[in-house]
Structures are given as structure tokens and as C-alpha cells.
Protein chains: 2
Amino acid sequence: MTETQPNCSIARTLDLVSDRWTFLILREAHLGTTRFADFRDYLGIAPNILANRLAAMVESGLLEKHEYRADGERTRSSYHLTPAGEDLKLVLAALQQWGDTHVPRKAGPTVLRRDTRSNDVVRVAFTTPDGNAVPPENVTFEPVPKGPADRSTWR
Amino acid sequence: MTETQPNCSIARTLDLVSDRWTFLILREAHLGTTRFADFRDYLGIAPNILANRLAAMVESGLLEKHEYRADGERTRSSYHLTPAGEDLKLVLAALQQWGDTHVPRKAGPTVLRRDTRSNDVVRVAFTTPDGNAVPPENVTFEPVPKGPADRSTWR
DNA sequence: TACCTGAGTTGCGCATCGAAACCCAGAACA
DNA sequence: TGTTCTGGGTTTCGATGCGCAACTCAGGTA
């Protein structure tokens with residue numbers, strides 16, 4: 001087994017998270033869910049699939065499994081976002097924002113993204129390094145000159 | 001078949017794009033690929049899967065199929081991003097940015113996001129509506145008060 | 001002792017995936 | 001006129017993976 005890493009960052013990312021359930025588990029984790037039974041009940045996911053996904057996500061560094069013990073109870077497992085998992089907040093927000101505009105729910109969105117300081121609703125957008133907004137139509141994906149020219153090796 | 005729409009924007013979005021190949025086809029489309037054979041060769045995707053995905057993406061409004069005829073050639077098919085598909089640029093960029101930092105390639109990234117006006121490298125970030133950057137740790141997902149409280153109906 | 005609850009595991013039928021092979025129409029060639 | 005080439009697919013078929021339902025197992029509770 002040669003276990004080739006794709007050259008494309010999008011492809012490497014998708015190797016870890018492209019699954020629908022993985023995204024939804026991440027959504028729940030970002031909303032504060034940590035326990036197996038809560039993920040199962042909130043998402044309506046089959047327990048074998050959930051166990052499978054959680055293990056894969058721990059394996060790939062998106063979640064950490066902790067054992068904890070509340071007073072007078074036995075130890076339980078909980079799953080917490082790692083910094084890498086936290087950083088996917090931006091991806092989740094981008095997906096959500098797209099869904100809000102392109103496949104809207106008649107009754108309006110169920111979840112907002114809000115700035116805890118100002119209470120403003122937050123958007124995801126392109127910016128320059130110094131924080132100026134860039135209109136999407138001015139953003140291009142540009143292969144780097146030294147990169148592998150053969151597109152088929154990008155995956 | 002009741003064909004229920006999930007209440008969660010992320011879930012509704014994932015119904016259209018959660019598949020790994022769908023994302024990679026979108027990446028290629030954003031790089032300018034329009035023809036069946038080019039998608040097939042650049043991605044190394046089996047033609048049945050490609051045909052399947054392209055049809056689904058046309059069906060869900062991410063791509064449009066055009067017939068065109070170059071001088072002295074027969075008509076050919078091409079696939080072009082719709083505005084909705086264009087808007088997924090932000091999601092692709094967010095995935096790519098995450099991959100660049102959390103599963104980096106030793107030889108550096110293969111594709112950059114660049115502002116065609118200033119030539120600056122572009123980042124994806126949270127902003128307020130008036131364009132100020134918001135640090136990710138200050139962004140929370142907040143269920144709207146009137147929304148369905150029962151999380152299990154969100155999907 | 002029996003029961004409950006959280007956190008899974010196992011078994012099984014069905015759908016989907018993907019590799020390889022095949023197909024078909026139009027142009028180009030001979 | 002027939003053959004070949006190429007783009008854009010379709011068909012076949014075996015392997016994988018999904019989700020439901022049922023079961024397990026350990027610790028705490030009545």
C-alpha cells in the first residue's frame with residue numbers, strides 16, 4: 001500500500017472530511033456537543049456509523065477523546081475539537097452561508113454566526129492579508145509556477 | 001417518499017456537494033475546465049462516476065450543460081459553473097486554506113488564491129457586514145430563538 | 001438481585017462505488 | 001466507400017460501505 005498523499009490541498013482535506021456525517025458531527029461539535037449519545041440522538045445517526053466516524057476523526061486529529069467522571073458517576077467518554085477541528089469552523093460557516101443563500105429554508109435560517117463581542121452577524125469573505133475585503137470575482141485560483149504541471153497528479 | 005428538506009443549511013448544502021468527487025469537479029471547473037474528457041483525465045475519475053456527478057450537479061443547479069461547435073467540428077458538450085457554483089469558490093478556498101495549514105504538502109501549496117487587481121494573496125476570513133475582520137474564536141454558531149428547538153429535526 | 005443507561009459492537013440486506021469493457025455519432029482519412 | 005479516431009458517454013460486475021435492528025458490556029441504582 002503506497003498511501004499516496006494528493007498534491008491538492010482540497011483533496012487532502014477532503015480525505016479527512018468529505019463525508020456528509022463527518023461534517024454534521026463537526027457542526028454538532030461546534031455547537032458544544034461532546035457525548036456519544038448526544039451526537040447519536042441529535043443527528044439521528046446509526047451508532048456503528050457514529051463510532052466509525054468518531055474514531056476516524058480522532059485518528060486524523062480533528063477530535064480528541066477524553067474520559068471524564070462526574071461526581072458519583074462512572075467514567076464516560078467525550079469528544080472535543082482539537083485546534084485543527086476548531087479551524088474547520090470557517091469551512092462550516094462557508095457551507096452554511098452558501099446554503100442560506102442558495103438553498104434557503106422558507107422559515108429562515110436556524111443558526112446564525114455571531115461576533116461574541118459586538119453581537120454583529122458575521123460573514124465569511126475573501127480578504128487581503130491586511131484585512132481588506134476582496135470581491136469574489138476578483139479571486140482566482142492560480143497554480144504555482146514551480147508546482148507539478150501534470151494536473152492528473154494533483155488528484 | 002417524503003423527500004424532507006433538512007432544516008440545517010449545512011445539511012442542505014451537503015446534500016448537493018458532500019461527495020469528494022463533486023468537490024474535485026468543482027475545483028477543476030473553477031480552474032477553467034469545461035469538457036468531459038478534461039475532467040476525466042485531470043481527475044482520473046471513472047467515466048460513469050463523472051457522468052453521474054455532472055448530471056447531478058446540473059440537476060441541482062451548480063453547473064449548466066452547453067452544446068457548442070467549433071468551426072468545422074461537430075458539436076460538443078461543455079459544463080459551466082452557474083452563479084451558485086461560482087459562489088462555492090469561497091467554500092473551496094476555505095477547504096484549501098485549511099489543508100494548506102493542517103495537512104501541508106512538503107513542497108508547498110500547488111495553488112494560490114490571488115486578487116486579480118492587487119495581485120495580493122487572498123485569505124478566507126470572518127468579517128462583519130461592514131468588512132472588519134473578526135477573530136474566529138469570537139465567532140459562535142447561535143441557534144435562532146424561533147427555530148425548531150428539537151435538534152433531531154435539524155438533520 | 002434485578003434493572004437502567006451510556007457507549008458502543010455485530011449481523012445482515014441493500015445501495016453505491018469504481019475499474020474495465022463496451023458503444024455510438026461525427027469528422028478525417030484513404 | 002469503408003476504416004479509423006476521438007469525445008462523450010453506458011453497461012457489467014464485483015467489492016465496499018451504509019443504515020437498521022439487535023445484542024453486549026460495564027458501572028451505578030433501587
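Within every chain, numbering begins at 1; the chains are lettered A, B, ... in the order of the sequence lines, protein sequences first and strands thereafter.
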At under 4.0 Å, does any side-chain N or O of B:Tyr79 touch on OP1 or OP2 of D:dG7?
-> no
Could you give the distance from OG1 (B:Thr33) to CG (B:Asp41), rounded to the nearest 0.5 Å?
-> 10.0 Å
Shortest side-chain distance from B:Arg40, nucleotide among D:dC18, D:dG8, D:dT10 | D:dG8
Taking only the side-chain nitrogens and oxygens of A:Arg53, find out if one of them lies under 4.0 Å from OP1 or OP2 of D:dC18.
-> yes
Evaluate whether atom CD of A:Glu137 has more than 12 neighbouring non-hydrogen atoms of other residues, nucleotides or ligands under 6.0 angstrom away.
-> yes
For D:dG19, does OP1 or OP2 lie under 4.0 Å from any side-chain N or O of A:Trp21?
-> yes
Can you tell me if the side-chain N/O atoms of B:Tyr68 get under 4.0 Å from OP1 or OP2 in D:dG7?
-> no
note: B:Asp38, atom CG; D:dG7, atom P; distance rounded to Å ~ 9 Å
Please test A:Arg20 against B:Asp15 for side-chain contact (heavy atoms from CB on, under 4.5 Å), starting from the C-alpha separation and ending with a verdict.
-> CA-CA 8 Å; A:Arg20 174 191 164 86; B:Asp15 283 342; 2.3 Å; yes
Within this structure, what is the CD1-to-C1' distance between A:Ile45 and D:dG19, rounded to whole angstrom?
-> 10 Å
Rounded interatomic separation in angstrom, taking CG from A:Leu63 and C1' from C:dA7 = 16 Å
Please tell me which of the listed nucleotides, C:dC17, C:dA19, D:dG7, lies nearest to the side chain of B:Ala46?
-> C:dA19
Please collect all salt bridge (charged side-chain N to carboxylate O under 4.0 Å, His left out) contacts where either partner lies in residues 45-57 of chain A, sequence neighbours excluded, each pair once.
-> A:Asp19-A:Arg53
Quick one: salt bridge (charged side-chain N to carboxylate O under 4.0 Å, His left out) pairs with a partner in residues 94-103 of chain B, sequence neighbours left out?
-> B:Asp100-B:Arg113
For B:Leu54 and D:dG7, what is the distance between atoms CG and P respectively, to the nearest whole Å?
-> 16 Å
Interatomic distance, A:Arg20 CZ vs C:dA15 P [rounded to whole Å] | 18 Å
To the nearest angstrom, how far is A:Tyr42 atom OH from C:dG6 atom P?
-> 12 Å
Atom pairs under 3.5 Å, N or O on each side, protein against nucleotides 10-12 of chain C: can you list them with distances?
residue : atom : partner : partner atom : Å
C:dG11  : O6   : A:Asn48 : ND2          : 3.3

Scan nucleotides 27-30 of chain C against the protein and return all N/O pairs shorter than 3.5 Å with their distances rounded to 0.1 Å.
residue : atom : partner : partner atom : Å
C:dA28  : OP1  : B:Gly72 : O            : 3.1

What is the distance from NZ of B:Lys65 to C1' of D:dG9, rounded to the nearest Å?
-> 9 Å
Take the protein atom CG of B:Asp41 and the nucleotide atom C1' of D:dG7, then report the distance between them rounded to whole Å.
-> 10 Å
Identify every side-chain donor-acceptor pair in residues 122-136 of chain A under 3.5 Å, counting partners at least two apart or on other chains, and give the distances.
residue  : atom : partner  : partner atom : Å
A:Thr128 : OG1  : A:Asp130 : OD1          : 3.1
A:Thr128 : OG1  : A:Asn132 : N            : 3.0
A:Thr128 : OG1  : A:Asn132 : O            : 3.4
A:Asp130 : OD2  : A:Asn132 : ND2          : 3.2

Partner set under salt bridge (Lys or Arg N to Asp or Glu O under 4.0 Å) for B:Arg35, not counting sequence neighbours | none
With under 30° as parallel and over 60° as perpendicular, where do the rings of B:Phe23 and A:Phe23 fit, or are they tilted in between?
-> tilted
Ignoring the backbone of A:Arg76, work out which of D:dG8, D:dG9, C:dG6 is nearest its side chain.
-> C:dG6
Taking all heavy atoms of A:Pro109 and all of A:Leu112, pick out the closest pair and write down the distance.
-> CG-CD2, 4.2 Å
Kindly give the heavy-atom pair with the smallest separation between A:Arg27 and B:Ile10, and that separation in Å.
-> CG-CD1, 3.9 Å
Tell me which of A:Arg35 and B:Ile49 sits closer to the 5' end of DNA chain C, going by the nucleotide each one is nearest to.
-> A:Arg35
